[in-house]
Chemist: 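The structure is given below, and queries will be raised subsequently.
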Amino acid sequence: MDLSYELKKRFGYDQFRPGQEEVVQSILQQENTLAILPTGMGKSLCYQLPGEMLSGLVVIISPLVSLMEDQVASLRKRGEKRVAAINSFLPQEQRKQLFKDIHTIKFLFISPEMLNRPDIGRFLTNLSISILVVDEAHCISQWGFDFRPDYLRLGEFTRLAGNPPVLALTATADQQVERDIIQYLQMTEANVIRQSVDRPNLKYFVERLNSERDKTEWLKNRLTATSGPGIIYVSSRKRAEELTRILQQDGHQIASYHAGKEAGDRHIIQQQFLSGELSWICATNAFGMGVHKENIRQVIHDQLPASAAAYVQEAGRAGRDGNRSSAVLLYVEEDEQKVRFIVQNDLPEESEVHHFVAMRKSGHTIEVSAELAGISETSARLIQYYSETLTIEDVLKTFTKLKYDKEEKLREMISYVSENTCLREKLLFYFDEHISDRYDVCCSVCGIRSEDWLLNKSNVKNNRTLLNWEERIELLLCPHS
DNA sequence: CGTGCAAGGATTATTCCTTGCACGGTGCTATAAT
């Protein structure tokens, strides 16, 4: 089959980006496919092209309503009008109408929660589905176990829909995430297409400091001395607001972003960052998914992320254009406890589990039971999910295991900041990759300073790219991976 | 578990320290009563 012809005809591109063609081929051969491709831009083509070529409905499971809207808009813009999204923003009436007209739709976007509703799931399983796409598939591993359990139920739908080929898409997945995706989507004989996470143009740095104040000072100096665009990741909404205020006073174009803000404001801020009106974003981990900005120069972490996979994902938002970029992690020893508290705290205690289950048994709804047991809505949903198939003892064991796993992941980050081995090597190790060649200029452990790697404000005008010949060759051999 | 802030007390200026308490991430969905 001449895929290049199809690509040119339908999308106007002359050639595929690395990995794309292989993924499209795999799907056209009806194989379950897990595609781990670093940039966001090329991934939607992986289902859009085969979707156009095959008959039947393409169902795309998407984690965020805003992401669905973006995808719908971009398909429409390309001229594909057979697109729809089912989510809570679609009024009942229109949803009913959509179900009547479903044969006129080619690409249907839906959240896992909606898909798992019996009425909606059953309706969709009766249709002819050509591809079941799971976008941002790492969410299965990252959110499924302790935040959005509906992600763990997707396999049931796959089975009930008669096992259409599944295409799982993500930018970063270590071995564990890969195993989780394959297991929970019930992807038998999955064809895994993986590109290296190594990015020669992105250098890693750890800065050990003594207090929160020192971090603030460091950031003040950093933003004065070096250029954006950049993202500062912080651990709380409050810190995001505070830091933003302080840095604004220094005259920087910066805004805060977190889940406590209105959807409209979040959208505006994201747009301003994309367009360059804002050079910095100070955000919690709410920021990033679906953000396709090529020229981000710096990602700075004000605190430890919960795992190496999360760190690589967040830091990897820098330097997609292939130009010099840096990922700095600011570390104060006490941070370990802080992150541990946040990460462990949302899993319910044994007594809370018993209390909640007792309330459910006496006939209360999930919401009321949660209230009576004094636990969060999220905790309640988790207990509800696990107790559907497990005994109480096994539910408790599961939570203990999850806490243990979270601790293990946190340890990866502790070792990242405290052990004296090459940072890049360590991150690659978590992804089961090995350094094939060493660079003279590598990371803070190997002995470069981020100020020297980044172009600072005084020389940015004169020297756009200060690469020596070795770095040029690296970039040639490994064009923006 | 650690931080940062507000309140309280000691003290004798408008400042200094202790104590106590709140707070700490990620998103879907739901359709009640004003």
Chemist: Can you check ring pair (Phe, Tyr, Trp, His ring centres under 6.0 Å) on A:Y430 and A:Y416, steps first, answer last?
Modeler: CA-CA 10 Å; A:Y430 292 127; A:Y416 178 78; 7.8 Å; no
Chemist: Please determine, by modelled atom types, if A:T170 and A:H138 share a side-chain donor-acceptor pair under 3.5 angstrom.
Modeler: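 There is such a pair (donor and acceptor under 3.5 Å, judged by atom type) between the side chains of A:T170 and A:H138.
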Chemist: Measure CD/A:E113 against C1'/B:dT26 and give the value in whole Å, please.
Modeler: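 In whole Å, B:dT26 C1' and A:E113 CD are 12 Å from each other.
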Chemist: Find the partner of B:dA10: check Watson-Crick (N1-N3 plus N6-O4 or O6-N4) and G-U wobble (N1-O2, O6-N3) distances, both under 3.5 Å, and reply none if neither fits.
Modeler: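 The answer is B:dT15, by the H-bond criterion.
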Chemist: Counting only side-chain heavy atoms from C-beta out, which of B:dC28, B:dG24, B:dT26 sits nearest to A:I342?
Modeler: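 Selected nucleotide: B:dG24.
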Chemist: Can you tell me the base-pairing partner of B:dT31? Count Watson-Crick or G-U wobble geometry only, both distances below 3.5 Å, and say none if there is no partner.
Modeler: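 Matched B:dT31 with nothing under the 3.5 Å cut-off.
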Chemist: Identify whether a stacking contact exists between A:W143 and B:dT26, where the ring centres must be under 5.5 Å apart and the planes under 30° apart.
Modeler: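 No, A:W143 does not stack on the base of B:dT26, since the centre distance and plane angle fail the 5.5 Å and 30° test.
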Chemist: Determine, for nucleotides 2-7 of chain B in 5'-to-3' order, which nucleotides have protein heavy atoms under 4.0 Å from the base (write B), from only the sugar-phosphate (write S), or from neither (write -).
Modeler: SSS---
Chemist: For A:Y151 and A:Y385, what are the C-alpha separation, side-chain angles and deciding distance, and is it a ring pair (Phe, Tyr, Trp, His ring centres under 6.0 Å)?
Modeler: CA-CA 11 Å; A:Y151 262 105; A:Y385 168 77; over 10 Å; no
Chemist: Does the side-chain hydrogen bond (donor to acceptor under 3.5 Å, both in side chains) test come out yes or no for A:S62 and A:Q71, once each step is laid out?
Modeler: CA-CA 10 Å; A:S62 174; A:Q71 301 274 18; over 6 Å; no
Chemist: Distance alone, cut at 3.5 Å: any donor-acceptor contact between the side chains of A:Q298 and A:T226?
Modeler: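 Yes, A:T226 and A:Q298 have a side-chain donor paired with an acceptor closer than 3.5 Å.
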Chemist: Can you figure out which of B:dG24, B:dT31, B:dT26 approaches the side chain of A:Q92 most closely?
Modeler: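 Side chain of A:Q92 sits closest to B:dT31.
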Chemist: Let's test your reading of the model: under 3.5 Å, does the base of B:dG25 pair with the side chain of A:S236 as donor and acceptor?
Modeler: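 For A:S236, whose side chain was compared with the base of B:dG25, there is no donor-acceptor pair (under 3.5 Å).
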